[in-house]
Structure formats: C-alpha cells, structure tokens
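The chains referred to below are lettered A, B, ... by the order of the sequence lines, with proteins before strands, and numbering in each begins at 1.
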Protein chains: 2
Amino acid sequence: MSAQNDQRRHAEELALMLSDFGMQRMSARVMAAFLFTEKPSLTLGELAEELDVSQGSVSGALKTLHHVGMLERVPVPGSRRDHHRLRRDAWERLYSRQNEVVRKMMAAAEAGIAATGEDSLARGRLQEMYDFYDFMFDELPLLFDRWREKRDARD
Amino acid sequence: MSAQNDQRRHAEELALMLSDFGMQRMSARVMAAFLFTEKPSLTLGELAEELDVSQGSVSGALKTLHHVGMLERVPVPGSRRDHHRLRRDAWERLYSRQNEVVRKMMAAAEAGIAATGEDSLARGRLQEMYDFYDFMFDELPLLFDRWREKRDARD
DNA sequence: ACCTGTCTTCGGAAGTTTCTGAAGGGCGGC
DNA sequence: GCCGCCCTTCAGAAACTTCCGAAGACAGGT
C-alpha cells in the first residue's frame with residue numbers, strides 16, 4: 001500500500017472521529033483533507049475531486065469551517081479560484097467554542113435560579129450548576145492564554 | 001402565570017439548549033426535569049407522565065444519563081420503583097467527557113504523524129494539532145482538581 | 001456589455017435518528 | 001411457584017439531516 005493511500009485512510013478515520021464528536025460529516029472530511037494534504041492550500045474544485053463529492057457539498061462545508069474560524073482564505077494572485085487553508089490555531093478555535101457553551105449554561109442556570117424559591121431543592125441544584133460553569137468560564141480563557149504562551153515560547 | 005409553569009418553561013428551554021449542544025433531545029428533557037423538580041428523586045413513571053412521553057423513551061434516556069454518570073439510583077425502602085436523582089457532580093462529569101475526546105484527537109494526530117514524511121507540510125499541521133491536545137490532556141484534569149478543591153473549601 | 005469560469009443556493013432524494021407502543025422479562029410479595 | 005407491577009427491548013413510523021445536481025449569481029477579462 002502506498003503512503004498516499006495510507007494517509008487517505010488516516011484522513012478518513014480522523015473525519016469519522018470528528019463526526020462522532022458532532023461535526024457534520026462533510027465538514028469533517030473537508031477538515032481532514034486540509035490536515036493531510038501536501039499542498040499549501042486547496043480550492044473547492046480540488047476538494048470535491050479529492051473527496052469525490054459534489055461541489056455544492058464542499059461549498060457548504062467550507063462555509064461552516066470558515067464560520068467556526070478553522071480555515072482562512074489565502075490570496076493567490078493570478079488564480080480566479082478561492083484558495084483555503086487550515087489556520088494555524090484551528091484546534092484552539094474549535095475548542096474555544098466551548099466558551100460559548102459554558103456561557104449559555106451559566107445563563108440558563110441563572111435564569112432558573114431567579115425563577116425558584118429561596119430554599120427550594122431546585123435552586124440548590126441550579127446553584128451547583130451555576131458554580132461549576134462560572135468556574136469554567138473564568139478558567140478556560142486563562143488556560144488558552146497559557147497555551148498560547150507556551151506555544152510562542154517554543155517557536 | 002404560575003411559578004410552576006414558569007419553571008417548566010425554563011426546564012424546556014434548558015433542554016432545548018442541551019440538545020443544541022449535542023445531547024439527545026429526550027435525555028436533555030429528562031435532565032432538565034431532574035434539575036427543576038422539587039422532589040428529591042424521580043421514577044421512570046413520574047418522568048414519563050411529567051414529560052408526556054412513552055416510558056420506553058424515558059427508559060432509554062435514563063440509561064444514557066446513568067452511563068454518562070450524571071444520575072444515580074436512590075434506594076427507597078418499600079418502593080418497588082427505581083428512584084433516580086441528579087448527582088451532585090453531574091456537570092463536572094458531563095464536561096469530563098471532553099477528556100475522552102481530547103485523548104482520541106491526540107491519538108489520531110499521532111497516527112497521522114507516524115504516517116507522514118520527515119518534513120512534509122502535513123506533518124507540521126498534525127504536530128500543531130497534537131501539541132494543542134497534548135496540552136489540554138495535561139491541563140484539564142488539573143483544572144478539575146482545582147474545581148473540586150474550591151468547591152470543597154466552600155462547603 | 002458579454003462571455004467564461006467559479007462559487008453558492010435550493011428542491012428533493014436518500015439516509016439516519018428518534019420516538020412510540022406493544023411484547024416480554026425480572027423481581028418481590030404472597 | 002404464581003401474580004402483579006415495573007422496566008427494558010425492539011420493530012416500525014415519523015421526523016429530521018445530509019447530500020446531490022442543476023440552476024443561477026457573481027466577478028474578471030476582453
């Protein structure tokens with residue numbers, strides 16, 4: 001088996017994993033293609049051919065991945081096609097979406113607390129929930145700061 | 001509008017949010033019911049009636065939530081029904097599932113690295129991915145430790 | 001202003017998930 | 001050991017998601 005095929009297999013496996021974790025299947029496959037390609041950037045047409053799917057599907061996936069902040073457009077003078085590549089901090093950005101989740105959980109707990117009586121059982125549970133997400137809300141950004149610091153130091 | 005209805009509305013909204021974040025709809029509704037109830041524990045039948053869904057659905061949701069570790073069975077002498085309640089550390093456990101995700105991402109990056117040539121572009125990207133998840137893999141458990149410490153100190 | 005190549009949008013088909021309702025299994029009390 | 005209650009499992013229906021392919025929009029070059 002060629003190294004080429006080997007990598008394609010790894011790419012497909014990784015895509016499957018990402019889709020297990022909630023990413024749409026097509027976005028996951030596109031993501032994996034960006035990770036494993038030897039080209040510095042890819043176009044919609046290249047992706048559609050490589051993955052053997054319609055350009056329409058790739059278009060949707062690209063839109064999503066740009067929206068999440070994992071991809072960036074690369075200017076390529078003389079080419080009419082859009083060139084895309086993985087952002088260096090793609091994974092950090094993917095994980096950062098947790099911040100939004102945490103923020104919403106906090107808000108939901110807060111709303112619940114406001115709607116419950118002084119010493120109801122429900123309030124106690126909602127307070128536990130609030131405290132945990134409040135903690136994460138404070139700490140996750142600090143964690144990312146430390147990561148960036150570490151990475152920058154390494155470079 | 002009664003406080004009762006108000007809380008039900010909050011519960012349903014929270015359930016909707018949880019399902020946005022990937023939890024199955026039924027599990028999310030059951031979860032929300034546990035959060036907002038004034039009873040110290042709930043049975044399958046109570047849940048099915050409260051949520052107006054089949055017992056079969058509730059059975060599946062309970063199984064999942066126990067599996068994730070968010071619920072615990074409560075012994076109630078003299079009752080033939082199973083009584084369940086939210087674990088105190090339910091949210092921490094829910095979030096902890098990220099550990100597994102992180103571990104798998106690390107493993108996938110590693111596999112990719114092993115399959116790429118010494119200074120291929122792909123290897124560079126996979127190494128970035130690995131480094132990030134490796135960092136998270138080390139740090140998340142420490143973060144949880146600090147949370148538990150803080151919570152215990154508070155009590 | 002048109003032509004050409006590229007990208008996006010969208011209706012509908014195919015696939016997947018989720019829920020129900022009914023049947024069956026298990027356990028405690030008698 | 002049988003009865004009755006409770007829970008789980010499963011097949012099928014319903015709802016939702018995802019993908020394709022065609023049509024149309026857009027932009028650059030001439």
Solution key, residues 121-130 of chain B side-chain donor-acceptor pairs under 3.5 Å, sequence neighbours excluded:
{"unit_1": "B:Arg123", "atom_1": "NE", "unit_2": "B:Thr116", "atom_2": "OG1", "d": "3.4"}
{"unit_1": "B:Arg123", "atom_1": "NH2", "unit_2": "B:Ile113", "atom_2": "O", "d": "3.0"}
{"unit_1": "B:Arg123", "atom_1": "NH2", "unit_2": "B:Thr116", "atom_2": "O", "d": "3.1"}
{"unit_1": "B:Arg125", "atom_1": "NH1", "unit_2": "A:Phe34", "atom_2": "O", "d": "3.3"}
{"unit_1": "B:Arg125", "atom_1": "NH1", "unit_2": "A:Leu35", "atom_2": "O", "d": "3.0"}
{"unit_1": "B:Arg125", "atom_1": "NH1", "unit_2": "A:Thr37", "atom_2": "O", "d": "2.7"}
{"unit_1": "B:Arg125", "atom_1": "NH2", "unit_2": "A:Thr37", "atom_2": "O", "d": "3.4"}
{"unit_1": "B:Arg125", "atom_1": "NH2", "unit_2": "A:Lys39", "atom_2": "O", "d": "3.0"}
{"unit_1": "B:Gln127", "atom_1": "NE2", "unit_2": "B:Asp131", "atom_2": "OD1", "d": "3.1"}
{"unit_1": "B:Glu128", "atom_1": "OE2", "unit_2": "A:Arg88", "atom_2": "NE", "d": "2.8"}
{"unit_1": "B:Glu128", "atom_1": "OE2", "unit_2": "A:Arg88", "atom_2": "NH2", "d": "2.7"}

Whole angstrom value for the distance that separates C1' of C:dT16 from CG of A:Asp20: 14 Å

- prompt: In whole angstroms, how far is the C1' atom of C:dT6 from the CD atom of A:Glu49?
  reply: 15 Å

- request: Just say parallel, tilted or perpendicular for the rings of B:Phe36 and B:His10, cut-offs at 30° and 60°.
  value: parallel

message: Between C1' on C:dT8 and NE2 on A:His84, what's the gap in Å once rounded to a whole number?
response: 12 Å

message: Looking at B:Phe21, I'd like to know if its CZ atom is crowded, meaning that more than 12 non-hydrogen atoms belonging to other residues, nucleotides or ligands lie closer than 6.0 Å.
response: yes

- prompt: Nearest-Å distance, CG (B:Leu51) to C1' (C:dC19)?
  reply: 13 Å

- prompt: With a 4.5 Å limit on heavy-atom distance, are the side chains of B:Arg146 and A:Phe135 in contact?
  reply: yes

- prompt: Around atom CD of A:Glu49, are there more than 12 heavy atoms of other residues, nucleotides or ligands at under 6.0 Å?
  reply: no

- prompt: Along nucleotides 8-30 of chain D, 5' to 3', which nucleotides get a B, which get an S, and which get a -, given that the test is a protein heavy-atom distance under 4.0 Å?
  reply: BB--------SSBB-----B---

query: Would you call the rings of A:Phe132 and B:Phe144 parallel, tilted or perpendicular if under 30° counts as parallel and over 60° as perpendicular?
result: parallel

